[in-house]
Each structure stands twice: as structure tokens, then as C-alpha cells.
Amino acid sequence: MSTTSTTPVTDTAEDHALKAKHAAMWALGDYHAVAREVIAPLGPILVQAAGIGPGQRVHDVAAGTGNVALPAARTGATVVASDLTPELLADGRADAEAAGLDITWQTADAEAQPFTDGEFDAVLSCVGVMFAPHHQLVADELVRVTRPGGTIGLLSWTPEGFIGQLFAVMKPYAPPPPPGAQPPPLWGHVDHVRDLFGDQVAELTAVQQDLVVDVFPTPEEFRDFFKRTYGPTIAVYRAIADDPEKVAALDRDLVALAERFDRGDGHTVLDWEYLLVTARRA
């Protein structure tokens with residue numbers, strides 16, 4: 001059985017508007033397809049690196065459709081999955097129910113989590129909290145809801161890697177970010193992560209690895225898939241929809257990005273670099 005509850009995600013009108021915009025963006029398209037068809041291996045990698053197992057209470061923060069929550073629940077852990085976007089949680093809940101997994105799904109803000117201090121043995125996020133706008137707030141909340149000695153585990157796209165470069169390619173076409181919002185790929189730099197956590201954590205380890213993506217036969221098929229499924233890409237195309245020249249230019253730029261990273265021979269093969277971080281709450 002899976003259960004769902006809802007809590008307020010913001011405390012101020014300004015923050016409410018920003019978070020509502022983020023939630024709506026991630027509801028665009030079909031992120032479930034991205035999680036299921038492209039990045040599915042990442043959740044189990046993070047779960048294994050964090051040493052998740054039976055009897056642990058685990059929080060998957062900015063869980064999306066449950067890329068971490070489902071494999072964590074399969075180990076026998078008790079899992080709470082939270083995200084700003086209810087539509088993503090609904091997809092995850094359906095997957096969990098189909099698999100017979102008991103997971104609690106909760107609409108919540110990673111920057112203001114509705115959980116008590118030290119409530120979880122492990123707090124994880126897989127390409128999730130990196131997209132929250134205020135990095136220090138997120139880091140402090142991750143620490144707060146982890147018990148002393150508990151595990152914090154994060155998997156984030158690097159700025160230099162494929163998805164980091166995807167955002168760099170889209171940036172000239174996108175509206176400017178709101179004041180104070182920090183770039184998501186900063187979470188892919190270990191020095192940034194160390195600065196955020198400071199002495200709140202111990203035994204911080206970090207490793208850069210690649211997710212091999214070979215599901216797109218051509219660069220054009222990568223572009224078309226992301227135009228159809230990936231909320232941030234859809235949002236950028238919507239912002240320039242009344243300018244056919246910009247649309248055509250972004251079409252070309254996304255193909256060029258995939259061509260730049262492609263190491264396949266007749267079939268596109270892309271390495272998507274990420275930073276895997278684990279630490280103990282001090």
C-alpha cells in the first residue's frame with residue numbers, strides 16, 4: 001500500500017509563486033518517461049552507495065517519480081518520498097502500487113521540509129534537490145531531518161557534463177532566473193557541496209561517474225525526446241514559441257550538443273557525468 005499526504009510548500013507569497021512555477025514546469029511533458037527510460041540506473045546506484053537496507057527510515061527528497069524511493073523500498077527500508085510536483089508523485093505511487101511497495105508520497109518543499117529534526121536514518125536525492133533555487137536552505141534542511149550519524153546521499157549532474165551543458169545551451173533562450181536563484185549544476189562541484197554542508201557533516205566522499213545513455217539512435221531523436229518529455233526543455237521552447245528563428249536555432253543547438261558528446265558508431269552513445277556524494281551528519 002502507498003499513502004499520500006499534502007503539506008504547504010511555501011510560507012511567503014513570493015516564494016509560493018516561485019515554487020508553483022517550478023512545480024508546474026516539472027509537470028510539463030512526461031518526466032516519468034525520462035526517469036523510466038533514460039536515468040533509471042541512477043536510483044539504485046545512490047541507494048547502494050548510501051548503504052540502504054532493512055529497518056532504515058529513508059527520505060527521498062525531490063523524489064520525482066521515485067527513482068530512489070522504489071529501489072530503497074525494495075531493500076526493506078521504510079520510505080517517504082516528497083516532491084513539489086504532485087503529478088510526479090502520482091506516477092511514482094502507481095509504480096509502487098504495481099510493484100507491491102509500501103511508500104509514503106508527500107507533496108513538500110525541499111527548502112522547508114515538514115519533518116521533525118533527525119527523523120530519518122538516511123536522506124537521499126537523485127538529480128532532485130539540485131533544482132531547488134536556494135542551495136543553502138536545501139543543504140541545511142537535508143542535515144536537519146537526518147539523525148546524528150545518519151547518511152546524506154546526493155547524485156547531481158555536473159556543470160561540465162552532458163546535462164550541465166544542456167542547461168548552458170538552453171540558457172540564452174530562457175527567461176532570466178528569479179533573483180537569488182542559484183544554477184542547479186553547482187551541486188555537481190564537490191567544493192560547492194562541501195561549502196554548503198560545512199562542519200554539519202563528516203566523512204564526506206565524492207566521486208564523478210558517467211551514466212551511459214544509448215537509448216537515442218540519433219542526436220535528433222535525443223532532441224525530440226527532450227522536447228516532448230523534459231519539463232525544463234519544454235518550458236524554454238514555450239518561452240520562444242513566437243520566434244520561429246529562435247526555435248530553429250535551439251533545435252540545431254540541441255542536436256549539436258548531442259553530436260559533441262556522441263562517442264557511438266552509427267548509434268548515439270552519450271556519457272552523462274554526475275557527482276555522487278555521501279556524508280554522515282555530524
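These numbers were taken from a predicted model, which means no experiment stands behind them.
- Listed by first and then second residue, the salt bridge (charged side-chain N to carboxylate O under 4.0 Å, His left out) pairs involving residues 119-135 are R57-E119, D121-R147 (not counting sequence neighbours).
- There is a side-chain donor-acceptor pair under 3.5 Å between T278 and T205.
- Side-chain atoms of H189 and E160 include a donor-acceptor pair closer than 3.5 Å.
- With sequence neighbours excluded, no residue forms a salt bridge (Lys or Arg N to Asp or Glu O under 4.0 Å) with E273.
- Residues meeting the side-chain hydrogen bond (donor to acceptor under 3.5 Å, both in side chains) test with H32, sequence neighbours left out: R36, D95.
- In this structure, the side chains of H192 and Q182 come closer than 4.5 Å at one or more pairs of heavy atoms.
- L186 and V61 are members of different hydrophobic clusters when ILVMFWY side chains are connected at heavy-atom separations under 4.5 Å.
- Between H22 and F131, the distance from one ring center to the other does not fall under 6.0 angstrom.
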| request: Given side-chain hydrogen bond (donor to acceptor under 3.5 Å, both in side chains), test Y31 with D91 step by step and report yes or no. | output: CA-CA 9 Å; Y31 185 76; D91 287 333; over 6 Å; no
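- Minimum interatomic distance between E111 and P133 (heavy atoms only, all atoms of both residues): OE2-CD, 3.1 Å.
- The closest side-chain heavy-atom distance from V80 to F120 is below 4.5 Å.
- At distances below 3.5 Å, not a single donor-acceptor pair connects side-chain atoms of Q200 with backbone N or O atoms of A282.
- Contact check for Q113 versus L142: side-chain heavy atoms found under the 4.5 Å cut-off.
- Applying the salt bridge (charged side-chain N to carboxylate O under 4.0 Å, His left out) test to residues at least two apart or on different chains, the pairs with a partner in residues 132-145 are D117-R144, E141-R144.
- Between R74 and A99, the shortest heavy-atom contact is NH2-CB, 4.3 Å.
- Looking at D60, its side chain never comes within 3.5 Å of a backbone N or O of A81 through a donor-acceptor pair.
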| request: Give the intermediate values and the outcome of side chain to side chain contact (heavy atoms under 4.5 Å, CB included) for residues F197 and V143. | output: CA-CA 8 Å; F197 287 120; V143 171; 3.6 Å; yes
| side chain to side chain contact (heavy atoms under 4.5 Å, CB included) between M170 and F167, worked out | CA-CA 5 Å; M170 295 192 299; F167 280 92; 4.0 Å; yes
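- Under the 4.5 Å side-chain contact rule for hydrophobic residues, V169 and L270 share a cluster.
- The main-chain N or O of G150 is never found under 3.5 Å from a side-chain atom of T146 such that the two would form a donor-acceptor pair.
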| said: Between L155 and V127, does the side chain to side chain contact (heavy atoms under 4.5 Å, CB included) criterion hold? Intermediate values first, please. | reply: CA-CA 6 Å; L155 192 152; V127 296; 3.9 Å; yes
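- Using a 4.5 Å cut-off between side-chain heavy atoms of Ile, Leu, Val, Met, Phe, Trp and Tyr, with links allowed through other members, L18 and L88 fall into different hydrophobic clusters.
- Here the straight-line distance linking atom CG of L257 with atom CZ of R252 works out to 15.0 Å at 0.5 Å rounding.
- The six-membered or imidazole ring of F222 lies away from that of F261, with a centre-to-centre distance of 6.0 Å or more.
- R223 CZ to T218 OG1: the interatomic distance, rounded to the nearest 0.5 Å, is 8.0 Å.
- In this structure a side-chain-to-backbone donor-acceptor pair under 3.5 Å is missing from H59 to V145.
- Side-chain atoms of D83 do not come within 3.5 Å of backbone N or O of L89 as any donor-acceptor pair.
- Interatomic distance, I103 CD1 to T78 OG1, rounded to the nearest 0.5 Å: 10.5 Å.
- Smallest separation of non-hydrogen atoms from A108 and S82: CB-CB, 3.9 Å.
- The minimum heavy-atom distance linking V215 with P217 is given by the pair O-CD, 3.5 Å.
- Following chains of ILVMFWY side-chain contacts shorter than 4.5 Å, one can reach V47 starting from L211, so the two form part of one hydrophobic cluster.
- The distance from atom NE2 of H16 to atom NZ of K21, rounded to the nearest 0.5 Å, is 14.0 Å.
- When atom types are taken as modelled, the side chain of D271 and the backbone of V212 share no donor-acceptor pair closer than 3.5 angstrom.
- For the residue pair Q208 / Y274, no side-chain donor-acceptor distance below 3.5 Å is found, with atom types taken as modelled.
- Side-chain atoms of D243 come within 3.5 Å of backbone atoms of E245 as a donor-acceptor pair (strictly under, hydrogens ignored).
- For P219 against E259, the heavy-atom pair with the smallest separation is CG-CG, 3.7 Å.
- Exactly one residue among D195, V207, L275, T158 makes a side-chain contact (heavy atoms from CB on, under 4.5 Å) with V190. That residue is L275.
- Open room surrounds NZ on K246; 12 or fewer heavy atoms of other groups in view lie less than 6.0 Å from it.
- The minimum heavy-atom distance between V129 and W187, with the atom names listed, is O-NE1, 4.0 Å.
- Shown here are the side-chain hydrogen bond (donor to acceptor under 3.5 Å, both in side chains) partners of Q56, two or more places apart in sequence or in another chain: there are none.
- At a threshold of 4.5 Å between side-chain heavy atoms, the hydrophobic network of Ile, Leu, Val, Met, Phe, Trp and Tyr places V269 and L42 in two separate groups.
- T65 places no side-chain N or O within donor-acceptor distance of the main-chain N or O of G92, the cut-off being under 3.5 Å.
- For the pair T107/L84, no side-chain contact is recorded, criterion being any heavy-atom separation below 4.5 Å from C-beta on.
- Here CG of L124 is found 8.0 Å from CG of L154. Values are rounded to the nearest 0.5 Å.
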Quiz: residues 228-240 side-chain donor-acceptor pairs under 3.5 angstrom, not counting sequence neighbours:
unit_1 : atom_1 : unit_2 : atom_2 : d
T229   : OG1    : F225   : O      : 2.8
Y237   : OH     : D251   : N      : 3.4
Y237   : OH     : D251   : OD1    : 2.6

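- Rounding to the nearest 0.5 Å gives a distance of 8.5 Å between OG1 of T85 and CH2 of W26.
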| Stepwise side chain to side chain contact (heavy atoms under 4.5 Å, CB included) check, L101 with L70 | CA-CA 7 Å; L101 297 172; L70 272 72; 4.0 Å; yes
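- With contacts defined as side-chain heavy-atom distances shorter than 4.5 Å, the pair W157/L166 does not qualify.
- The side-chain heavy atoms of I45 and Q209, taken from C-beta on, include a pair separated by under 4.5 Å.
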